[in-house]
Amino acid sequence: MIDLRTLREDPDRLRASQRARGEDDSIVDSLLALDASHRSALSSFESLRAEQKSMGKSVSRSSGAEKDALLSRAKELATQVKAAEAEAEALAGRLSAAAAAVPNLVEEAAPHGGEDDYVVLEEVGAKPSFDFEPRDHLELGERLGAIDTERGAKVSGARFFFLTGVGARLQLGMLNLAMQQAVEAGFTPMIPPVLVKPDAMRGTGFQVEHDKEIYHLPEDDLYLVGTSEVPLAAYHADEILDAAALPLRYAGWSSCFRREAGSYGKDTRGIIRVHQFDKVEMFSFCRPEDAAEEHRRLLAWEQEMLAKVELPYRVIDVAAGDLGTSAARKFDCEAWIPSQGRYREVTSTSNCTEFQARRLSVRHRGEDGKTRPVATLNGTLATTRWIVAILENHQRADGSVVVPAALRPHVGLDVLEPVKK
RNA sequence: GGUGGAGUCGCCUAGUGGCCGAGGGCGCACGCCUCGAAAGCGUGUGUAGGGCAACCUACCGUGGGUUCAAAUCCCACCUCCACCGCCA
């Protein structure tokens, strides 16, 4: 949710942001108009209501003929109050619906444009050179007895899989390593619910009514989360946080669920794009003025993890049009995937500024004693997709895969050996 | 799923139609007292919207309703507690 007060004071800022995203900036004018009529309706309701209350007191003090006269006037007033209230409420509803549809203000430094207008900030690590034809992650995974997509499809359908044997050990080890790093950095480890109420979903910035990406359980009106960002963001909903305790940093470990509607035919092989995967996610509540700095810290922690698993990658500054509803700025790390000869997203960190906090009502008390929204940020510390990059980048000619040194204590193996040739 | 009980200002609690946005206690903040502290005394202490301000309005689990007027009456729902049933 954008701040209506900021909108009134500086509408050009939202116009510029909308243009950077490649979206309609005329909503600014309709929002301003709606806001003005809502405020005038509200103030006329409030003065009518004040009159009604004081008249009610006169009624209780009077008696006889005077009381009857007052009563009939009071009745008249009551209908006016009711009408004025209904009017104000209707406008409030329209206003909040309109405001809720507006995406976050983008950070000025974010690249303008769409999906392909990202800016590469950094390339890290050398791409591996093989003196043999590298296998893709699925072939490797099958030979290692690590990934079983056939039975995944048999049991649950397309885009489902089993991690088996060393595959399961690899994922557990990797996620444990991520958790350990997070704890050492001062994060509170969390295992959140993965089914959430509509308010948690909406508060985090998802449009549950239109979003085809989200699994919904209509019987219970619960949503399966696509990331633990959702329950972690909502964790402090309706709370006023102690400013001295900020930043509050949480590391959530959860399964994530995505319908992948509209991605038919994309990444159908292997486990790059699946309906269910696991992820360790960093989440931070901080003061708005510290958010940009915190964002860089989250990125640095992601890079620390990528270094531990020894993957070549690049960092991109995602363009405004590709930010999603909540983010003001987003950095993705993309690991090199040898079988595809290109980089694929393995982490994503977003600065959502006060956008989610305003929707979820997560506040802190400022220097002046007044409550203000906090800023929220999130970032990936490890996820199932990393297995793709790890297997492919660390493979050897015989189909075995070297486990990166930092992972070995957590996986319990130095090398993953093929179980079938 | 069934039956019974309960949800009020950080916590506990008073409040059964107007004098209640709401009293008391605890906690907290500030002041007095003290060498310092405790005790004691005094003052203050929710959130949000609007107004330059005095101030106004909304909120007593949520949503509806009755009434000139609702924390208070009615209806539905939610949550919590207890017991029963069912499942693991």
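Quick note on labels: first sequence line is chain A, next is B, and so on, each numbered from 1.
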**Q** Which base sits across from B/U79 as a Watson-Crick or G-U pair, both distances under 3.5 Å?
**A**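 Base partner found: B/A6.
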
**Q** When we call it a touch if two heavy atoms are under 4.0 Å apart, what does A/R39 touch: a base, just sugar-phosphate, or nothing?
**A**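 Counting heavy atoms under 4.0 Å across all strands, the contact made by A/R39 is with sugar-phosphate only.
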
**Q** Going by an N to O cut-off under 4.0 Å, is there a salt bridge joining A/R297 and A/E293?
**A**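 Yes.
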
**Q** Taking atom C1' of B/G49 as reference, at what distance in whole Å does atom CG of A/L91 sit?
**A**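 It works out to 15 Å between those atoms.
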
**Q** Provide, to the nearest angstrom, the distance between the CG atom belonging to A/D238 and the P atom belonging to B/U79.
**A**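 Rounded to whole Å, this separation is 16 Å.
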
**Q** Should we say atom CD of A/E289 is surrounded by more than 12 heavy atoms from elsewhere, each under 6.0 Å from it?
**A**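 Enclosed.
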
**Q** I want to verify a distance call: between B/C56, B/G49, B/G46, whose nearest atom is closest to the A/A50 side chain?
**A**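 That would be B/C56.
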
**Q** Identify whether any heavy atom of A/R8 sits under 4.0 Å from a base atom; if not, whether one sits that close to sugar-phosphate; answer base, sugar-phosphate or nothing.
**A**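 Sugar-phosphate: the residue A/R8, judged by heavy atoms under 4.0 Å, touches backbone atoms but no base.
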
**Q** Under a 3.5 Å cut-off for both contacts, is B/C73 paired Watson-Crick or G-U wobble with anything, and if yes, with which nucleotide?
**A**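 Its partner is B/G65.
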
**Q** Quick test of your reading of the model: are A/E294 and A/R249 salt-bridged, counting only N-O distances below 4.0 Å?
**A**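 Yes, this pair counts.
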
**Q** Does a side-chain N or O from A/R5 land closer than 4.0 Å to OP1 or OP2 of B/G49, or not?
**A**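 Checking A/R5 against B/G49: at least one side-chain N or O falls below 4.0 Å of OP1 or OP2.
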
**Q** Would you mind reading off the distance between A/E46 atom CD and B/G50 atom C1', rounded to a whole angstrom?
**A**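 Nearest whole value for this atom pair: 6 Å.
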
**Q** Distance check needed: B/C28 P versus A/R365 CZ, whole Å only.
**A**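 The distance from CZ of A/R365 to P of B/C28 comes to 17 Å, rounded to the nearest Å.
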
**Q** Could I get the full list of ring-ring contact (aromatic ring centres under 6.0 Å, His included) partners for A/F355, not counting sequence neighbours?
**A**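 With neighbours one apart ignored, the set is empty.
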
**Q** Do any N or O atoms of the protein come closer than 3.5 Å to N or O atoms of nucleotides 65-73 of chain B, and which pairs are they?
**A**
from, atom 1, to, atom 2, distance (Å)
B/C68, OP1, A/K75, NZ, 3.1
B/A69, OP1, A/Q52, NE2, 3.4

**Q** Would you classify A/L77 as touching base, sugar-phosphate or nothing, given that sugar-phosphate means primed atoms plus P, OP1 and OP2, and contacts are heavy atoms under 4.0 Å?
**A**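 Since no nucleic acid heavy atom lies under 4.0 Å of A/L77, the category is nothing.
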
**Q** For A/R359 and A/D199, run salt bridge (Lys or Arg N to Asp or Glu O under 4.0 Å): C-alpha distance rounded to whole Å, both residues' side-chain angles, the deciding distance at 0.1 Å, then the answer.
**A** CA-CA 9 Å; A/R359 291 181 166 220; A/D199 281 350; over 6 Å; no

**Q** Ion pair present between A/D267 and A/R273, side-chain N to carboxylate O less than 4.0 angstrom?
**A**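 A salt bridge links A/D267 with A/R273.
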
**Q** For the CZ atom on A/R8, are there more than 12 heavy atoms of other groups (residues, nucleotides or ligands in this structure) within a distance under 6.0 Å?
**A**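 It does: A/R8 CZ has more than 12 such atoms within range.
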
**Q** Rounded to the nearest Å, what distance is computed from the CZ atom of residue A/R363 to the P atom of nucleotide B/G10?
**A**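 Those two atoms, CZ and P, are 12 Å apart.
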
